[in-house]
Structures are given as structure tokens and as C-alpha cells.
Amino acid sequence: MRLSKGFWQTYKEAPTDATIPSHQLMVRAGLIHKSGAGIYNYLPIGLRSIQKVENIIREELNKDDCYELTMSVVTPGELWQESGRWDSMGPLMLRAKDRGNRDLCISPTNEEAVVDIFKKSIKSYKQLPVTLYQINTKFRDEIRPRFGVMRGREFTMKDAYSFHASWECLEKGYQTLYRAYERIFTRIGLNFIAVEADAGAMADGKQKTHEFQVLARSGEDKVIFCKETGYAANIERAETSREKLDFDLSSPELKEVSTPGTATIEDVCNFLKQPQHRSLKSLVYSIINGEEEEFVLALLLGDDDLNEIKLNLWAKADHVKPATDNQLNQLGFVKGYIGPYDLKAKVKVIFDKEINLDGAYSTGANKDDAHFTGFVPSRDLKDIEKVDLRLSKSGDIHKADGKEGVVEEISGIEVGHVFQLGDKYTKSMNATVLDQNGKAVNPFMGCYGIGTTRTVAAAIEQSHDEDGIIWPVTIAPYHVHFATITKTSEYEELGDEIYDLLKENFEVLYDDRPKLGPGFKFKDADLLGLPIRVVLGERDHKKDSLFEIKVRKTKETFKVSKEDLISKIKELLEGAS
RNA sequence: CGGAGCGUAGCGCAGGGGUAGCGCACUUGCUUUGGGAGCAAGGGGUCGUAGGUUCAAAUCCUAUCGCUCCGACCA
């Protein structure tokens with residue numbers, strides 16, 4: 001593209017709402033333009049990167065016999081009513097009525113649509129397995145869109161769906177897509193890990209699911225990772241243990257002590273001069289199932305935190321949330337001094353698995369300014385239920401296959417997700433095939449997503465410097481940024497000639513804008529961050545007849561003749577990818 | 001949904017009852033050309049919207065809409 005005729009505008013300053021590097025750089029480099037909250041226009045140069053990501057995805061999925069189709073962005077409400085998600089999706093789904101007062105929605109995802117297509121096309125197990133995918137616009141009315149296209153409301157996603165006659169076949173299909181994802185993100189040049197994840201609302205929590213997380217400081221997700229055992233899991237899901245702790249196993253006397261003004265674990269433990277893991281954290285949670293609400297008292301070591309997702313899984317609830325101050329009062333709890341002993345309220349008490357039930361702990365006495373010390377659960381309470389409730393954290397231990405290591409907590413950006421859905425949707429939407437015995441069965445499904453626009457943002461988040469973006473070669477909008485610094489028409493013509501030469505071999509952005517100073521052009525080149533910059537400067541070329549090549553990533557420069565230009569760039573591009 | 005802000009030129013911001021401003025960007029001309037050039041001359045605004053107070057409102061008051069940040073939430 002010739003800039004003198006092209007469409008491109010850069011900015012020295014980023015808008016104030018852009019708080020992370022990828023968002024700031026995408027706006028400053030003229031790749032995207034905000035249209036509304038969480039809604040973006042993709043400008044010509046930015047679109048090229050998105051399309052490159054899409055093409056890499058296509059190439060890799062097509063290798064594994066996945067078939068691309070396109071489903072409608074606007075879908076009829078009936079489909080969602082059939083699966084039951086018209087209600088359960090809630091305000092996340094953007095809805096509308098057409099002129100006939102029929103319900104419509106903008107697809108936040110496409111399980112319903114793809115099952116509908118499947119139902120009308122596939123009748124026999126002999127036609128399975130099959131995997132369909134599309135790369136298409138989604139809309140999710142997020143509570144708080146932010147970080148540019150990283151968490152937009154409208155975004156593009158590759159979503160794939162596989163159908164299988166048996167669970168074994170689903171397992172195989174899942175592995176196939178998992179490996180395709182590894183190839184895709186490797187080609188894009190991302191530093192990623194696949195982590196065990198929580199199935200959330202998509203499944204009932206038993207099926208396998210992995211997230212592909214790009215490691216980046218600004219990531220919204222937390223990942224627990226162990227070098228020694230290779231364990232990697234989303235913190236929502238991670239199961240690790242504490243390093244060895246010195247519990248008080250002397251079975252001291254249970255007694256009430258006055259602990260004025262110590263409503264936090266930290267205050268109590270300072271006051272009692274004991275480590276925090278010798279106190280118990282008592283949390284009252286509301287367990288909500290439809291209209292029903294009950295309460296549970298969850299106990300954790302004083303320096304551990306509750307993982308609400310684990311509590312939710314244990315409770316098999318619609319959702320769980322901390323009891324409100326009012327609810328605590330009604331149950332007879334005193335905020336800051338809650339404990340499992342001498343309970344006034346009838347609530348179920350559960351202990352985290354890391355609590356040594358024979359150890360002695362301090363715990364709230366259920367009255368103002370008082371705690372118990374010497375509370376030994378196995379001695380002082382009946383009916384103890386142990387549950388894995390704690391949130392993993394840095395410094396925990398993970399053991400697997402005879403190996404053991406300390407885990408660390410890192411931030412990640414979720415760019416891909418693979419799920420085993422099972423028969424949830426084929427059942428609810430009554431999709432069947434005939435098996436070998438002529439019996440109608442619900443096939444098993446897998447679903448697999450990649451946020452394409454988010455992937456571009458993640459790549460920038462991972463690869464930039466103070467001057468701008470540093471594109472991985474595979475998704476750079478162009479390979480070569482060719483800039484001329486000319487004074488005479490003679491050199492403008494030479495520039496055009498070189499552009500034609502480069503164009504035959506590479507994707508080239510030609511900065512032929514007249515009358516712009518070198519500094520201006522260099523700043524723009526660094527900001528956009530194409531892998532290779534080539535400069536024809538009239539001043540220098542008059543002296544040595546050479547061209548300057550600069551590698552964006554390493555800042556190395558080379559001076560080469562016209563004859564060597566193409567081969568040198570090829571060599572550098574290969575080295576960079 | 002809780003808390004906190006902001007809406008003034010394309011972007012970044014100042015002004016705070018009495019003439020609509022600055023920097024960047026944009027247009028024209030001349031000079032400049034190896035790290036966001038200089039000079040000169042320009043274009044661009046119903047100060048988010050609607051009411052109110054006032055001789056007079058961008059400015060004060062009320063409502064409303066939009067946007068953002070922190071948190072909660074979240075395929």
C-alpha cells in the first residue's frame with residue numbers, strides 16, 4: 001500500500017480510556033477506532049492482522065477436516081427458548097423484536113444454531129464425527145467492557161463444534177482440536193500455556209475443558225503453574241496443597257479470651273502472637289437454588305482465601321454469595337467474630353481440606369470482641385465435613401507422578417477455550433442420530449473457541465516496546481515498511497522502482513508521503529512496528545548507493561545494495577519467524 | 001449493581017456568570033529533510049441534551065443521556 005494514496009492516521013497521544021499498552025497502541029497506530037462502549041471499527045491496517053490470524057486458524061483447522069460455514073449473526077429467539085438459554089443467558093444477550101413482534105437476539109455464541117443445522121442434516125452415526133466452525137461476529141453485553149478489543153462487547157470469534165457418536169470419539173476429537181490450537185498459537189508467535197479450566201455455565205463441571213492463556217502482565221485471568229510437574233490450571237479450578245505447616249497438635253484447653261477490636265485475622269493473630277494458619281477463617285455464604293436459600297459456614301486456614309467456584313460445585317447451587325450483614329445478624333453471627341463453636345444458628349459447617357482437624361486454632365466466639373483459643377475440630381465438634389474450598393496461591397505445592405514442586409501464580413489472557421459439552425444441547429434440543437442398532441441417540445458435542453480480535457490484542461500486549469508495536473511476522477499487517485526520504489523527483493522515481501521490486505516479494509507498506517521529515521516517518525514506522533523497515537534516503541544513497549534495513553525487534557541495521565536487498569530481507573524475515 | 005469521576009474542535013486538555021481558548025492533528029504558501037521541523041496565513045464549536053435561576057449561563061441549580069475508572073459480576 002502506498003501511504004500517499006492509502007488510509008492511515010496515527011496519533012501521538014492515546015485516548016484517556018486506554019489503560020493498557022495494546023489498547024493504547026492499537027488506537028495510536030490507527031488499527032482500530034472506537035464506535036461505542038466495547039464496540040470497535042477495525043481500520044484497514046488493523047483488519048489485515050485480524051485476517052492473518054483468521055487465515056492461520058483456517059489453515060490449521062482445515063488440516064484436521066473441520067468445515068467452515070457461517071451462521072447468522074441475528075438468530076430467532078425460538079432456538080434459545082428451545083435450549084432453555086433464552087432465560088439463563090440473562091442480560092448478557094442483546095435482544096430485539098422484529099416488526100412482527102418476534103424475539104430475536106444477536107448471537108453471543110452458536111450452540112443452538114449449530115445443533116439446529118445438525119438436526120436437519122445428519123441422521124446416521126455413519127456421518128459422524130463431524131466438526132463445523134465459523135469465524136464470525138459475536139455480541140455479549142458485558143457488564144464492564146474495557147481494554148479495547150481485549151474485552152469488547154462486539155468481537156469476532158472462531159467457534160467450532162464437533163459431534164460424536166461416542167464419548168471415546170469426543171475424547172479423540174477434543175485432543176485433535178487441542179493440538180490444532182497449539183499449532184495455531186505457536187504460529188502466531190505467542191507465549192502461551194494450556195491450562196485446566198472451570199467449565200462454568202457451559203457444562204456441569206465434570207467434562208474436560210482447557211483454556212489457552214497468553215502470559216501477560218495485564219491479563220485478567222490468574223493461572224497456577226508448576227515448573228516441576230508441568231501442572232497448569234486456572235486459579236478458579238486449581239487444586240494444590242499448602243507447604244508443610246507447623247500445626248499445634250498439643251490439644252490445649254478450649255477457652256474464651258477477650259480480644260477487643262480484632263475483627264480481622266491479621267489483628268487477632270498479632271494480638272495472640274501466633275501465625276495466621278493457626279487461626280480459622282469463618283465465612284458465611286448464601287447458597288441459592290432457584291427460590292431456595294440456605295446458609296453454610298465455610299472454614300479455612302486464616303491465611304487462605306475461599307474459592308467460590310469450588311464452594312458452588314460442592315453446593316451444586318445456581319450460585320453462591322457472601323451473606324449480607326443483615327443475614328448475619330438474623331443468623332446470630334457477629335461480623336468479625338464468627339466461629340464454628342457454640343453456634344446459635346442452624347447452618348452447615350464445612351472445613352477446607354488443608355485444615356488439620358487435630359490441630360488447635362483460634363476462632364471467633366460468636367460474640368463481640370471475643371475469640372476461642374485451643375479449638376480442636378476433631379475433639380470439639382461432631383459431624384465434620386471436609387471439602388476442597390481454598391483458592392490456590394503462589395508458594396503452594398503440587399504433586400503428580402512422583403514429582404513435586406512449588407507453584408507460581410501468573411496473569412494470563414484467555415485467547416482460546418476447548419470444552420467437552422457432552423449431550424447437553426443435543427438432549428435439550430432433541431438432536432438424534434440412529435446408532436448401529438437403529439436406535440435414536442443424542443450425539444456428544446465439543447465446542448472450541450478462539451477470540452480472534454482478542455488474540456491480536458494479546459500479541460501486541462506481549463510484544464511491544466516504548467516506541468510501539470513489534471509484530472510477530474505471521475500476523476504483521478505487512479512485512480516490510482519501506483520509507484523514502486527524498487528531495488528530488490529523480491529519487492521519488494527510484495522509490496517507486498524499489499517499491500515495485502519489493503512488492504513482488506513481500507507485503508509492503510510504502511511510505512511515499514512527500515515532504516515529511518525523516519523523524520516523522522521513523523516514528524510512524526516504529527509505532528506501527530512492521531518486522532522490517534527499509535529506508536531509501538536521498539542524502540545517504542547519493543554517497544554509497546545503499547539501502548538501510550532495520551529489524552524492528554532487535555534494532556539491528558544493515559546497509560545493502562539493490563541487488564542484495566531482496567535476499568537480505570528474506571533472510572531476516574526467516575530469522576524472525 | 002456499589003463507589004468515584006468526566007462530557008468544551010478529530011485527539012489531549014485549560015477556562016468557571018459578561019468577546020470561545022491552548023498543544024497536537026488538518027488546509028495553503030515559503031523555508032526545511034536521518035528520529036514526531038520553522039515561519040506566516042487559515043478552516044473547524046449550537047461548551048452532551050432538556051428545563052430552571054439571571055439583564056446576561058460553557059460557567060450556578062435540577063433532571064436526563066452518554067462515557068470512563070475502581071470493585072462486584074462474567075464462556
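Every chain is numbered from 1 and lettered A, B, ... according to where its sequence line falls, protein lines coming before strand lines.
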**OP:** Assign A:Leu516 to base, sugar-phosphate, or nothing according to its heavy-atom contacts below 4.0 angstrom with the strands shown.
**Re:** base
Original post:
Whole-Å distance between B:U33 P and A:Glu492 CD?
Top reply: 16 Å
Subject >> Whether A:Glu548 side chain and A:Val535 backbone form a donor-acceptor pair below 3.5 Å >> reply: no
Original post:
Under 4.0 Å: is that the gap between some side-chain N or O of A:Lys321 and OP1 or OP2 of B:C73?
Top reply: no
Subject >> B:A72 to B:G16 separation - C1' atoms, rounded to the nearest Å >> reply: 36 Å
Original post:
What nucleotide among B:C73, B:U68, B:C24 has an atom nearest to a side-chain atom of A:Lys12?
Top reply: B:C24
Original post:
When you look at A:Thr176 and A:Asp64, which way does the side-chain hydrogen bond (donor to acceptor under 3.5 Å, both in side chains) test go after all the steps?
Top reply: CA-CA 7 Å; A:Thr176 301; A:Asp64 286 324; 5.8 Å; no
Original post:
Which dot-bracket string fits RNA chain B when only Watson-Crick or G-U wobble pairs with both atom distances under 3.5 Å count, crossing pairs get [ ], and | stands for a partner on a different strand?
Top reply: ((((((((.[[[[.)..(..]]]].((((((.....)))))).....[[[[[..)....]]]]])))))))....
**OP:** Using the P atoms only, state how far B:U54 lies from B:U59, rounded to an integer number of Å.
**Re:** 16 Å
**OP:** Measure the distance from CZ on A:Phe520 to C1' on B:A37 and round it to the nearest whole Å.
**Re:** 11 Å
Original post:
Hey, does A:Glu308 reach any base, or is it just sugar-phosphate, or nothing, if we go heavy atoms under 4.0 Å?
Top reply: sugar-phosphate
Subject >> Side-chain donor-acceptor pair present, A:His464, A:Ser22, cut-off under 3.5 Å >> reply: no
Original post:
The side chain of A:Phe522 lies closest to which of these nucleotides: B:U68, B:G34, B:G71?
Top reply: B:G34
Original post:
CG of A:Asp467 versus P of B:G35: gap in Å, rounded?
Top reply: 14 Å
**OP:** Give a yes-or-no answer on whether the side chains of A:His210 and A:Tyr178 include a donor-acceptor pair shorter than 3.5 Å.
**Re:** no
Original post:
Rounded to the Å, how far apart are A:Gln24 CD and B:C11 P?
Top reply: 16 Å
Original post:
If you check the A:Arg28 side chain, which of B:G34, B:C11, B:G36 turns out closest?
Top reply: B:G36
Original post:
Rounding to the closest angstrom, what is the interatomic distance between B:G15 and B:U33 at atom C1'?
Top reply: 39 Å
Original post:
Given the C1' atoms of B:U68 and B:C61, what is the spacing between them in whole Å?
Top reply: 25 Å
Subject >> Most 5' of A:Thr16 and A:Arg539 on RNA chain B, judged by nearest nucleotide >> reply: A:Thr16
Subject >> Residue pairs involving residues 477-490 of chain A (criterion side-chain hydrogen bond (donor to acceptor under 3.5 Å, both in side chains); sequence neighbours excluded) >> reply: A:Thr488-A:Glu538
Original post:
Does the ring center of A:Phe155 lie less than 6.0 Å from the ring center of A:Tyr40?
Top reply: no
Subject >> Selected nucleotide, minimal atom distance to A:Leu527 side chain, candidates B:U68, B:G36, B:C11 >> reply: B:G36
Original post:
Are there more than 12 heavy atoms of other residues, nucleotides or ligands under 6.0 Å from atom NZ of A:Lys393?
Top reply: yes
Subject >> 5' priority, RNA chain B, between A:Asn110 and A:Gly517 [closest heavy atom] >> reply: A:Gly517
Original post:
Does the B:C73 base have a donor-acceptor partner in the side chain of A:Arg144 within less than 3.5 Å?
Top reply: no
Subject >> A:Glu548 (side chain) and B:G34 (base): donor-acceptor pair under 3.5 Å >> reply: yes
**OP:** Considering only atom C1', compute the distance from B:U64 to B:G29 and round it to an integer number of Å.
**Re:** 49 Å
Original post:
In whole angstrom, what separates A:Ile549's CD1 from B:G34's C1'?
Top reply: 17 Å
Subject >> Length of the CG-P vector between A:Asp524 and B:A37, whole Å >> reply: 11 Å
Original post:
Is any side-chain N or O of A:Lys550 under 3.5 Å from a base N or O of B:G35, one able to act as donor and the other as acceptor?
Top reply: yes
Original post:
Do side-chain atoms of A:Trp8 reach the backbone of A:Leu43 as a donor and acceptor pair under 3.5 angstrom?
Top reply: no
Subject >> A:Ile485, nearest nucleotide to its side chain (from B:G34, B:C13, B:U68) >> reply: B:G34
Original post:
Counting heavy atoms not belonging to A:Arg2, are there more than 12 under 6.0 Å from its CZ?
Top reply: yes
**OP:** Indicate, yes or no, whether a donor-acceptor pair under 3.5 Å links the base of B:G34 to the side chain of A:Arg533.
**Re:** no
Original post:
For atom P, what is the distance between B:G36 and B:C73, given to the nearest Å?
Top reply: 48 Å
**OP:** Figure out the CG/P separation between A:Leu92 and B:C74, and round it to whole Å.
**Re:** 11 Å
Original post:
What integer number of Å spans the C1' atoms of B:C69 and B:C30?
Top reply: 47 Å
Original post:
Over how many whole Å does the gap from A:Gln9 atom CD to B:G36 atom C1' extend?
Top reply: 12 Å
Subject >> Same-atom distance (C1') from B:C60 to B:G43, integer angstrom >> reply: 34 Å
